[in-house]
Participant: 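Sharing a structure here in structure tokens format.
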Amino acid sequence: MKQEKILIIGAGGQIGVELTMALRKLYGTDNVVASDIREAHPLLKDRGPYLQLNVMDPVATLAAVRNHGITQIYLLAALLSATGEKDPKKAWEINMQSLLQILDMGVQEKLTKIYWPSSIAVFGPTTPRDNTPQQTVIEPGTVYGISKYAGELWAQYYNKRWGLDVRSLRYPGLISWKSEPGGGTTDYAVEIYHEALKHQKYTCFLSEDTYLPMMYMDDAIRATIELMEAPADLLKSRMAYNLSAMSFSPKEIAASIRQHIPDFTIDYAPDFRQQIADGWPKSIDDTAARTDWNWKPEFDLERMTADMLTNLGKKG
Ligand code: SER
């Protein structure tokens with residue numbers, strides 16, 4: 001069997017940093033080329049092949065694929081929900097053009113697999129909000145959500161029309177300590193741990209009872225790798241899979257932090273992100289992922305809080 005060579009685009013982002021490290025452990029450092037428009041993230045610097053690459057430059061991207069004998073691409077570069085609302089046209093352009101270009105490259109260069117993340121943001125205010133099913137009303141309210149839903153349809157189309165093996169997950173809010181989130185509505189659930197350790201207080205940009213689906217990064221990375229390694233014939237859906245681990249509100253995450261830092265206090269100053277959150281599910285039904293490729297999360301709120309505070313505390 002031919003050795004797979006992976007290109008990660010957007011390797012400096014919240015998912016990219018940890019996914020690069022995990023894939024390098026699995027496939028060998030030299031077989032995973034990390035790339036980002038930015039300089040290498042400190043955790044990736046001098047630790048394996050790295051390219052400073054703008055995915056909006058098709059010539060440079062194709063050259064990277066050919067020069068490195070790439071067989072698989074993980075396309076993670078995107079503008080997220082909150083950033084996207086500030087410049088909707090730019091978000092649409094970056095999120096869609098990059099995907100269409102990589103899908104075409106996948107067909108042209110006969111790539112074996114492509115990974116592209118989707119999000120709970122595909123759902124909107126008309127979607128049932130509790131235990132949101134895989135297939136339901138999908139009318140996204142943000143440009144980020146529109147681009148993710150359109151992207152899912154394109155991925156499915158390329159699979160049906162050209163047999164391209166594109167795989168995708170609808171990630172919930174992701175919480176991590178190694179890498180930083182950027183521009184998302186769920187980012188409060190990372191900031192809160194940093195502020196709890198530094199200042200024992202946090203002002204949340206969402207209201208206290210805003211429930212959102214969330215997941216610890218360890219679970220998200222494992223889910224991504226398990227989906228990518230699953231035999232193709234198990235994947236009944238070629239849209240992105242719903243993926244779920246836990247659901248909590250700012251009030252509940254604050255209470256779980258207080259178990260470790262009793263003096264921690266939280267107050268609330270909801271901003272424009274409240275409206276985005278109000279249009280998203282409170283919890284997700286991921287039966288299809290559990291059935292098709294055996295998905296099972298490991299971290300709940302309590303375990304995640306303990307792990308986050310320990311690791312961020314050590315990091316200082
Ligand atoms: N975490 C993302 C956001 O808040 C959702 O995919 O934009």
Side-chain angles (χ1 to χ4, degrees), residues 10 12-19 74-88 90-92 94-96 98-99 115-125 127 129 132 138 140-152 155 168-193 204-207 210-221 223-224 227 239-250 253 270-284 286 289 297 299 304 308:
Q14 191 193 11
I15 301 171
V17 171
E18 297 209 29
L19 194 55
Y74 286 65
L75 172 59
L76 308 175
L79 293 194
L80 295 199
S81 60
T83 317
E85 290 313 288
K86 291 184 185 148
D87 194 342
K90 187 171 166 204
W92 175 256
I94 292 180
N95 295 358
M96 290 319 296
S98 60
L99 175 64
Y115 181 77
W116 175 79
S118 185
S119 160
I120 53 163
V122 296
F123 302 116
T127 302
R129 297 189 68 200
T132 303
I138 299 192
T142 60
V143 68
Y144 173 67
I146 299 173
S147 73
K148 287 296 178 190
Y149 192 46
E152 285 191 21
S168 186
L169 295 169
R170 289 175 185 154
Y171 291 121
L174 298 180
I175 293 136
S176 60
W177 59 271
K178 287 188 192 138
S179 49
E180 307 71 35
T185 302
T186 56
D187 294 6
Y188 90 84
V190 179
E191 288 170 15
I192 195 170
Y193 288 112
C204 187
F205 58 74
L206 298 181
S207 63
T210 309
Y211 280 85
L212 286 169
M214 299 279 186
M215 178 176 282
Y216 200 36
M217 188 58 87
D218 297 47
D219 273 339
I221 298 296
T224 309
L227 173 72
M239 299 291 279
Y241 278 93
N242 276 11
L243 193 67
S244 158
M246 61 184 107
S247 171
F248 57 76
S249 62
I253 190 174
D271 65 14
F272 74 102
R273 288 169 281 193
Q274 184 66 47
Q275 199 193 339
I276 301 178
D278 287 341
W280 285 354
K282 294 180 178 170
S283 59
I284 295 285
D286 62 356
F299 282 84
M304 176 175 80
M308 278 296 280

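Start at 1 and go down the list; that is how both ligands and their atoms are numbered.
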Participant: I need the nearest protein heavy-atom contact for atom 1 (N) of ligand 1: residue, atom name and distance, please.
Facilitator: Thr186 OG1, 2.8 Å
Participant: Decide whether Thr127 and Thr132 meet the rule of one side-chain donor and one side-chain acceptor closer than 3.5 Å.
Facilitator: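 No pair is found: no donor N or O on one side chain lies under 3.5 Å from an acceptor on the other.
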Participant: Would you give the length of the straight line joining atom OG1 of Thr224 to atom CD1 of Ile15, rounded to the nearest 0.5 angstrom?
Facilitator: 6.5 Å
Participant: Are any non-hydrogen side-chain atoms of Pro213 and Ser244 less than 4.5 angstrom apart?
Facilitator: no
Participant: Which ligand 1 atoms are under 4.0 Å away from a heavy-atom of Trp280?
Facilitator: 3 (C), 4 (O), 5 (C), 7 (O)
Participant: Between Asp219 (side chain only) and Pro297 (backbone N and O only), is there a donor and an acceptor less than 3.5 Å apart?
Facilitator: no
Participant: Any N/O of Asp187 closer than 3.5 Å to an N/O of ligand 1?
Facilitator: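 Among all N and O atoms of Asp187, none is under 3.5 Å from an N or O of ligand 1.
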Participant: Check ligand 1 against Thr185 and write out every atom of the ligand that is under 4.0 Å from a heavy-atom position of the residue.
Facilitator: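 Under 4.0 Å from Thr185, ligand 1 has these atoms: 3 (C), 4 (O), 7 (O).
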Participant: Run the numbers for me: atoms of ligand 1, each under 4.0 Å from some heavy atom of Ser81, listed by number.
Facilitator: 3 (C), 4 (O), 7 (O)
Participant: Within the 4.0 Å heavy-atom shell around Leu80, which atoms of ligand 1 are there?
Facilitator: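 This gives 7 (O) as the contact atoms.
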Participant: Is it true that the side chains of Gln274 and Thr210 contain a donor and an acceptor less than 3.5 Å apart?
Facilitator: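 Looking only at side-chain atoms, Thr210 and Gln274 do form a donor-acceptor pair, the distance falling under 3.5 Å.
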Participant: Quick check on contacts: which atoms of ligand 1 are under 4.0 angstrom from a heavy atom of Ser119?
Facilitator: 5 (C), 6 (O)
Participant: Could you label the plane-to-plane angle of the Phe205 and Tyr188 rings as parallel, tilted or perpendicular, counting under 30° as parallel and over 60° as perpendicular?
Facilitator: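 Perpendicular, since the angle between the ring planes exceeds 60°.
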